[in-house]
Visitor: 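Quick one: this structure, given as structure tokens, is what I'll be asking you about.
The residues of the chain are indexed from 1 along the displayed sequence. Note that the coordinates shown come from a computational prediction; the quantities given were computed from them, not determined experimentally.
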Amino acid sequence: MPLVVGVDGSEPSLRAVDWAADAAALRRASLRLVYASVWERYEGASLGRGSDRPSEQVMAEDIVETAERRAHRRQPDVRITTEVLPEEPEQALVRESQSALAVVLGQRGRSGVTEALLGSVGVTVAEHAHCPVIVLPGGHDDQVRPGAGGRVVLGVDEKTAGSAALRFAAAEAGLRGVPLEAVHVLRHSLLGSAEREPDAALALDKALRDVPVGLEVRRHTVTGRTRDALLAASHDADLLVVGTRRRPGHFGPQLGRVAHGVLHHAACPVAVVPDLS
């Protein structure tokens, strides 16, 4: 299966292309570049007036061709396919996620939203995708730089054992040859006392029991808010992994507060991994 990248010609989407090209080369996977827009809704009636294609379609094809050339320059051996789809990007990318290793997105597209906020496309795809969704943080240029910490961070709770997020994080750390850092946040009771350290250590051991033998695991237990702890860990990490549990038949928001918060504010790429079991 390919790594799918949502492209729209913006600098964040170009960073996503670079990141995904490197990730595809690491996995010996193919790369699929997808542009989606509902141009037919607005321009279908203009066909035949000097051109047999809507101007938006011409622009879209230029965007994916530019992205394809960029990916090929970065990773010449990666097989690349492209697709231009006349539909809502959220719908297209969620459908593409059914047959993808992961969907990769830049933090901000052409909508012009404030740089600190994740666009609506990214949130919707992360909420409903059938595979991991990896969102790159915003930046002031179109360059992808390696993480400084050389590690993969995983947020751990009582439901982590056997989860898709744990498997994904362990596989990422193994592929990269870096440690897996498991961050467990001590919870406060209604009386204000924190979870006891021995209990926290046992909880971490239980959560990580399925980690492959030979993978270096660093355990960190902190007190406070889970979102804040993960954001702090993201500042010198290669990748931050959080799990999300889907509610069958529920069509509203599917991301919890922690996943939503780190998607908006993390300093490193964030992988939101759905647990579909």
Side-chain angles (χ1 to χ4, degrees), residues 3-24 26 31 33-34 67 70-71 74 89-90 93 97 100-127 129 131-155 165 168-169 172-173 175-176 178-181 183 225-244 255-274:
L3 282 169
V4 172
V5 187
V7 298
D8 64 2
S10 66
E11 289 185 356
S13 80
L14 292 176
R15 285 197 297 271
V17 168
D18 288 348
W19 192 96
D22 292 346
L26 185 64
L31 190 63
L33 309 176
V34 176
R70 183 180 178 111
R74 190 171 181 97
E90 299 94 328
L93 291 170
S97 75
L101 285 174
V103 174
V104 184
L105 301 170
Q107 191 183 56
R108 187 167 63 92
R110 295 188 305 163
S111 60
V113 295
T114 305
E115 194 167 14
L117 300 179
L118 181 68
S120 61
V121 172
V123 170
T124 302
V125 176
E127 286 177 336
C131 69
V133 175
I134 300 168
V135 178
L136 274 66
H140 299 291
D141 55 36
D142 63 352
Q143 301 300 311
V144 167
R145 296 177 177 84
R151 61 201 173 89
V152 172
V153 175
L154 172 67
F168 181 85
E172 285 292 313
L175 276 171
R176 298 161 185 264
V178 301
L180 173 64
E181 180 174 314
V183 177
R225 298 173 62 195
T226 300
R227 191 192 82 156
D228 293 344
L230 295 179
L231 289 178
S234 76
H235 282 283
D236 57 354
D238 287 351
L239 184 68
L240 170 60
V241 180
V242 293
T244 182
L255 290 181
R257 287 181 296 177
V258 171
H260 200 274
V262 299
L263 272 179
H264 282 73
H265 301 292
C268 71
V270 176
V272 177
V273 182

Visitor: With the side chain counted from C-beta on, respond yes when L263 and V123 share a heavy-atom pair under 4.5 Å apart, and no when they do not.
Guide: no
Visitor: Report the distance from atom CG of L239 to atom CD of E181, rounding to the nearest 0.5 Å.
Guide: 12.5 Å
Visitor: If you look at every heavy atom in R74 and A21, which pair is closest and at what distance?
Guide: CD-CB, 4.5 Å
Visitor: Checking side chain to side chain contact (heavy atoms under 4.5 Å, CB included) against L231, which of V258, V262, T226 comes through?
Guide: V262
Visitor: What's the separation between atom CG in L230 and atom CZ in R225, rounded to the nearest 0.5 Å?
Guide: 11.5 Å
Visitor: Compare every heavy atom of L154 with every heavy atom of A165, then report the nearest pair and how far apart it is.
Guide: O-CD1, 4.0 Å
Visitor: For residues S234 and A267, report the shortest heavy-atom separation together with the two atoms involved.
Guide: OG-N, 3.0 Å
Visitor: Is the shortest heavy-atom distance from the side chain of C131 to the side chain of V103 under 4.5 Å?
Guide: yes
Visitor: How far does CG of D8 sit from OG of S13, to the nearest 0.5 angstrom?
Guide: 4.5 Å
Visitor: What's the shortest heavy-atom distance between A129 and S97, and which atoms?
Guide: CA-OG, 3.5 Å
Visitor: Using every non-hydrogen atom in the two residues, find where A71 and V17 come nearest and quote the distance to one decimal.
Guide: CB-CG1, 3.8 Å
Visitor: What's the separation between atom CG in D18 and atom CZ in R15, rounded to the nearest 0.5 Å?
Guide: 9.5 Å
Visitor: Answer yes or no: is there a side-chain heavy-atom contact under 4.5 Å between V133 and L93?
Guide: no
Visitor: Over all heavy atoms of both residues, which pair between V34 and V4 is shortest? Give the atoms and the distance, please.
Guide: CG2-CG1, 4.0 Å
Visitor: Counting C-beta onward and ignoring hydrogens, is there a side-chain heavy-atom pair between V152 and F168 closer than 4.5 Å?
Guide: no
Visitor: If you measure from CZ on R151 to CG on D236, what distance do you get to the nearest 0.5 Å?
Guide: 4.0 Å
Visitor: Roughly how far, to the nearest 0.5 Å, is the NE2 atom of H265 from the CG atom of D228?
Guide: 10.5 Å
Visitor: Would a 4.5 Å heavy-atom cut-off, applied to side chains only, mark V135 and V272 as touching?
Guide: no
